[in-house]
Amino acid sequence: MLVSWNTTNMCNLACAHCYRDAGQKADAELTTAEGRRLIDEIAAAGFKVMIFSGGEPLMRPDIYELIAHAAERGLRPVLGSNGTMITEKVARRLVESGARAVGISLDSVDPAAHDRFRAEQGSWQAAVDGMKNCRAAGLPFQLHTTVMDWNYEEVEQLTDLAVELGCMAHHVFFLVPTGRGADIERTTLRAVQYERLLRRLLKKQQSTGLEIKPTCAPQFIRVADQLGVKTRFQRGCLAGIAYCLINPVGDLQACAYLDEMVGNVRETSFGKLWREAKLFRDLRSRRYSGHCGACDYRDTCGGCRARAKFYYGDYMAEEPWCLYRRGKTEHATR
């Protein structure tokens with residue numbers, strides 16, 4: 001099981017798709033002491049991987065202390081970062097603190113396109129330099145790409161760049177319209193593009209030694225089965241089942257994109273919320289409606305619950321961008 005903690009709302013970039021609408025520090029973010037207690041509760045609840053993210057987690061002064069505490073409690077601490085602040089010194093400090101890996105965002109092979117999307121000139125080069133600094137420090141790292149209509153054709157080129165830079169994986173995030181991402185909903189892939197890209201990624205996986213993981217695209221489990229591609233992943237959507245997220249002020253939600261809070265860890269222990277929250281019980285029931293409820297892959301795919309909420313107002317509704325219907329895929333996928 002894995003958990004994300006948005007350690008701060010502070011960020012040095014202003015990315016167009018940010019689900020947290022990050023920038024300025026939020027009022028009443030969890031303190032160091034509260035963060036340490038949260039980490040204790042997460043470890044006690046049986047979680048194994050803890051993702052420190054933001055905003056930009058490296059803007060939080062106590063981030064190294066928090067990472068070290070997670071490592072001491074037997075968790076595997078990893079970082080989700082835009083990479084621009086990872087100097088040689090920072091990379092070494094992350095290693096010394098016990099960080100096990102870093103995910104760094106890169107959305108285009110064209111530096112100018114990435115910089116426009118991230119609203120900061122030079123952010124592409126700074127992210128690439130951050131990866132090189134991780135490599136020099138012996139800190140494993142992977143490349144994270146958010147895919148939309150404008151970078152849809154270049155995803156495999158980014159995989160090739162990930163190989164060139166020494167990444168251990170390329171995780172491709174399919175845009176979910178939450179936070180600032182709702183303002184660019186028009187750029188999200190629709191069903192046919194969605195299906196075609198999943199097939200392209202799984203075929204690319206067969207020709208490279210790098211792990212390629214579609215994220216927020218649970219249908220990849222079904223597509224992999226149809227193509228006969230073996231994957232170590234057993235389920236698509238993990239929200240509320242084997243994954244959850246704490247925001248900067250301590251609110252708990254099923255995933256970053258399903259903007260529905262189940263409680264606050266300042267008021268109720270993380271473990272109690274994880275075990276008993278109604279939203280989590282609903283998600284674990286897998287009693288979906290529409291095509292997801294009748295699907296052959298209901299228990300392994302699960303559809304995207306956040307997209308269901310955004311487009312239909314119901315997190316248990318069907319996934320809106322899936323072509324599969326009881327034994328067949330509706331449209332040709334070249």
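Only a predicted model underlies this, so the values are computations on that prediction, with no experimental measurement involved.
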| Derivation of the salt bridge (charged side-chain N to carboxylate O under 4.0 Å, His left out) call for Lys272 and Glu41 | CA-CA 10 Å; Lys272 181 177 177 62; Glu41 293 177 358; over 6 Å; no
| remark: So the salt bridge (Lys or Arg N to Asp or Glu O under 4.0 Å) pairs with at least one residue in residues 114-141 (sequence neighbours excluded) are Asp107-Arg118
| said: So, taking the atom named CG in Leu238 and the one named SG in Cys255, what distance separates them when rounded to the nearest 0.5 Å? | reply: 10.0 Å
| note | From the list His171, His170, Gln142, side chain to side chain donor-acceptor pair (under 3.5 Å) with Glu211 holds only for His171
| field | Candidate pair Val176 and Phe310, rule side chain to side chain contact (heavy atoms under 4.5 Å, CB included), full reasoning | value | CA-CA 9 Å; Val176 181; Phe310 180 84; 5.8 Å; no
| message | Under a 3.5 Å cutoff, is there a donor and acceptor pairing between the side chains of Tyr194 and Gln219? | response | yes
| task | For Arg100 and Val49, run side chain to side chain contact (heavy atoms under 4.5 Å, CB included): C-alpha distance rounded to whole Å, both residues' side-chain angles, the deciding distance at 0.1 Å, then the answer. | result | CA-CA 10 Å; Arg100 300 291 297 277; Val49 178; over 6 Å; no
| In Å and rounded to the nearest 0.5 Å, what is the CZ to CG distance from Arg199 to Leu227? | 5.0 Å
| query | So do Glu34 and Val265 actually touch side chain to side chain, heavy atoms under 4.5 Å? | reply | no
| request: Applying side chain to side chain contact (heavy atoms under 4.5 Å, CB included) between Glu318 and each of Tyr311, Tyr312, Tyr288, report the one that passes. | output: Tyr312
| For Cys295 and Glu319, what are the C-alpha separation, side-chain angles and deciding distance, and is it a side chain to side chain contact (heavy atoms under 4.5 Å, CB included)? | CA-CA 11 Å; Cys295 183; Glu319 156 73 56; over 6 Å; no
| field | Backbone N/O of Ala16 and side chain of Asp183: donor-acceptor pair under 3.5 Å | value | no
| Proximity of Trp321 and Phe174 rings by center, below 6.0 Å | no
| task | Decide whether Thr188 and Arg186 meet the rule of one side-chain donor and one side-chain acceptor closer than 3.5 Å. | result | no
| task | Return yes when atom CD of Glu260 has more than 12 non-hydrogen atoms of other residues, nucleotides or ligands closer than 6.0 Å, and no otherwise. | result | yes
| request: Enter the distance from Ile246:CD1 to Asp251:CG here, rounded to the nearest 0.5 Å. | output: 10.5 Å
| said: Is it the case that the side chains of Ser108 and Asp110 hold a donor-acceptor pair, with the cut-off being a distance below 3.5 Å and no angle test? | reply: no
| query | What about Tyr257 and Phe173, are their ring centers closer than 6.0 Å? | reply | no
| Between Asp296 and Tyr324, is any side-chain donor less than 3.5 angstrom from a side-chain acceptor? | yes
| query | Could you walk me through whether Trp5 and Ile51 pass the side chain to side chain contact (heavy atoms under 4.5 Å, CB included) check? | reply | CA-CA 6 Å; Trp5 175 22; Ile51 305 165; over 6 Å; no
| message | Please check if the number of heavy atoms outside Glu276 that lie under 6.0 Å from its CD is greater than 12. | response | yes
| query | Have Gln234 and Thr300 got a donor and an acceptor in their side chains that come within less than 3.5 Å? | reply | no
| query | Hey, are Asn12 and Glu56 close enough side-chain-wise for a donor-acceptor pair under 3.5 Å? | reply | no
| request: Please list all pairs passing the salt bridge (Lys or Arg N to Asp or Glu O under 4.0 Å) test where one or both residues lie in residues 60-75, with sequence neighbours left out. | output: Arg36-Glu65, Asp40-Arg73, Arg60-Asp62
| field | Passing candidate, side chain to side chain contact (heavy atoms under 4.5 Å, CB included) with Asn9, options Met59, Lys25, Gln24, Arg20 | value | Arg20
| said: Quick check on side chain to side chain donor-acceptor pair (under 3.5 Å): which of Asn247, Thr8, Asn6 does Glu29 satisfy it with? | reply: Thr8
| message | Here's a test for you: under side chain to side chain contact (heavy atoms under 4.5 Å, CB included), which of Asn133, Leu58, Ile86 qualifies with Val102? | response | Ile86
| message | Distance to the ring centre below 6.0 angstrom and angle to the axis at most 45 degrees; does that hold for Arg235 and Tyr243? | response | no
| message | For a 4.5 angstrom cut-off between non-hydrogen side-chain atoms, does Val223 reach Leu201? | response | no
| query | When rounded to the nearest 0.5 angstrom, what distance separates OH in Tyr315 from CG in Leu283? | reply | 6.5 Å
| remark: CG (Leu30) and CZ (Arg266) are apart, to the nearest 0.5 Å, by 5.0 Å
| field | Heavy-atom donor-acceptor pair, Arg286 side chain to Gly302 backbone, under 3.5 Å | value | no
| Separation between CG of Leu189 and OH of Tyr152, rounded to the nearest 0.5 Å | 7.0 Å
| field | Among Lys204, Gln205, Glu164, the one residue meeting side chain to side chain contact (heavy atoms under 4.5 Å, CB included) with Thr159 | value | Lys204
| query | Is the Lys NZ or Arg CZ of Arg284 less than 6.0 Å from the centre of Trp274's six-membered ring, within 45° of the axis? | reply | yes
